[in-house]
Amino acid sequence: QVQLVESGGGLVQAGGSLRLSCAASARTFSNYAMGWFRQAPGKEREFVACISRGGTGTRYADSVKGRSTISRDNAKNTVYLQMNNLKPEDTAVYFCAAREGATLFVVDYSYDYWGQGTQVTVSS
């Protein structure tokens, strides 16, 4: 069983930055590929970014590419999402997710463990 706890969300003006963190309780965190997803009010949950077990492989949604960076620190059992030049359309609850294995997935049903989410609100 893996428990995930997100933090770092908040209210920010358009053009600002936030760094989200996700702390994992996994015994061997480095066995898990990690992903970030988001869900805006009235919309389906969507993929944001994912990172491989060792951190060398990443993928991004087109909507955040060039503005966001996913990274991980396996010694701290933590994955991060640095978001820059935030836009009002980035407003959503952001979730981190984990899946054991080497493959990167961009679909939410491929992930086995989920955090409770952290709210990001971007004002215009």
Side-chain angles (χ1 to χ4, degrees):
Q1 191 75 6
V2 177
Q3 293 184 329
L4 304 172
V5 179
E6 302 94 337
S7 61
L11 174 64
V12 63
Q13 289 187 333
S17 298
L18 282 175
R19 188 176 82 155
L20 306 183
S21 299
C22 173
S25 68
R27 179 178 298 180
T28 312
F29 179 63
S30 59
N31 283 352
Y32 293 83
M34 301 296 295
W36 283 98
F37 291 78
R38 67 187 182 187
Q39 188 167 20
K43 295 187 177 181
E44 293 187 353
R45 187 163 55 190
E46 64 174 4
F47 168 74
V48 176
C50 61
I51 188 167
S52 62
R53 297 180 298 184
T56 55
T58 58
R59 295 183 68 178
Y60 296 90
D62 288 343
S63 58
V64 303
K65 195 175 295 182
R67 300 188 295 122
S68 297
T69 302
I70 187 171
S71 61
R72 66 190 296 162
D73 185 338
N74 286 345
K76 295 183 178 180
N77 280 23
T78 302
V79 63
Y80 305 97
L81 182 67
Q82 175 70 43
M83 301 188 295
N84 301 320
N85 190 21
L86 283 160
K87 304 175 181 180
E89 51 264 44
D90 293 318
T91 295
V93 177
Y94 283 71
F95 299 91
C96 100
R99 175 194 168 95
E100 191 167 14
T103 306
L104 293 179
F105 290 93
V106 300
V107 290
D108 56 1
Y109 56 77
S110 296
Y111 289 82
D112 301 311
Y113 304 100
W114 291 84
Q116 293 299 306
T118 185
Q119 177 71 48
V120 171
T121 303
V122 184
S123 63
S124 57

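Source: prediction; values computed, not measured.
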- Under the side chain to side chain contact (heavy atoms under 4.5 Å, CB included) criterion, do Val12 and Ser17 qualify, and how do the steps go? CA-CA 7 Å; Val12 63; Ser17 298; over 6 Å; no
For [X], check side chain to side chain contact (heavy atoms under 4.5 Å, CB included) against everything at least two apart and list the hits.
X	result
Lys65	Tyr60, Asp62
Arg53	Ala102
Thr78	Ser21, Ala23, Lys76, Tyr80
Gln119	Thr91, Val93, Thr121

Determine yes or no for a side-chain-to-main-chain donor-acceptor pair under 3.5 angstrom, with [X] supplying the side chain and [Y] the backbone.
X	Y	answer
Asn74	Phe29	no
Arg72	Ala33	no
Arg67	Asn85	yes

- side-chain hydrogen bond (donor to acceptor under 3.5 Å, both in side chains) partners of Gln82, counting only residues at least two apart: Asn84
- Query: Looking at residues at least two apart in the chain, or sitting in another chain, which of them share a side-chain hydrogen bond (donor to acceptor under 3.5 Å, both in side chains) with Ser110?
  - Reply: none
Taking all non-hydrogen atoms of both residues, which atom of [X] and which atom of [Y] are closest, and how far apart?
X	Y	answer
Ile51	Ser71	CD1-CA, 3.6 Å
Ala26	Val2	CB-CG2, 3.9 Å
Gly9	Leu20	N-CD2, 3.6 Å
Ala14	Ser124	CB-CA, 4.3 Å

- Any salt bridge (charged side-chain N to carboxylate O under 4.0 Å, His left out) pairs touching residues 105-114, not counting sequence neighbours? Arg45-Asp108
- What salt bridge (charged side-chain N to carboxylate O under 4.0 Å, His left out) pairs are there with at least one residue in residues 96-106, not counting sequence neighbours? none
- May I have all residue pairs that pass disulfide (SG to SG under 2.5 Å) and include part of residues 33-68, sequence neighbours excluded?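 Listed once each, the pairs would be none.
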- Could you note down all residue pairs passing disulfide (SG to SG under 2.5 Å) where residues 79-113 supplies at least one of them, sequence neighbours left out? Cys22-Cys96
- What distance do Gln3 atom CD and Gln116 atom CD have between them, rounded to the nearest 0.5 Å? 9.5 Å
- Interatomic spacing from CG in Leu81 to OG1 in Thr118 - rounded to 0.5 Å: 11.0 Å
In this structure, would [X] and [Y] fall into the same cluster of hydrophobic residues linked by side-chain contacts under 4.5 Å?
X	Y	answer
Val120	Met34	yes
Tyr113	Leu104	no
Val64	Tyr111	no

- Task: Scan residues 4-15 for pairs that pass side chain to side chain donor-acceptor pair (under 3.5 Å), counting only residues two or more places apart or in two chains.
- Result: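 Sorted result for residues 4-15: empty, none.
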- Not counting sequence neighbours, list each pair that qualifies as a side chain to side chain donor-acceptor pair (under 3.5 Å) and has a residue in residues 28-39. Arg38-Glu46, Arg38-Ser63, Arg38-Asp90, Arg38-Tyr94
- Message: Between Met83 and Val48, does the side chain to side chain contact (heavy atoms under 4.5 Å, CB included) criterion hold? Intermediate values first, please.
- Response: CA-CA 11 Å; Met83 301 188 295; Val48 176; 5.6 Å; no
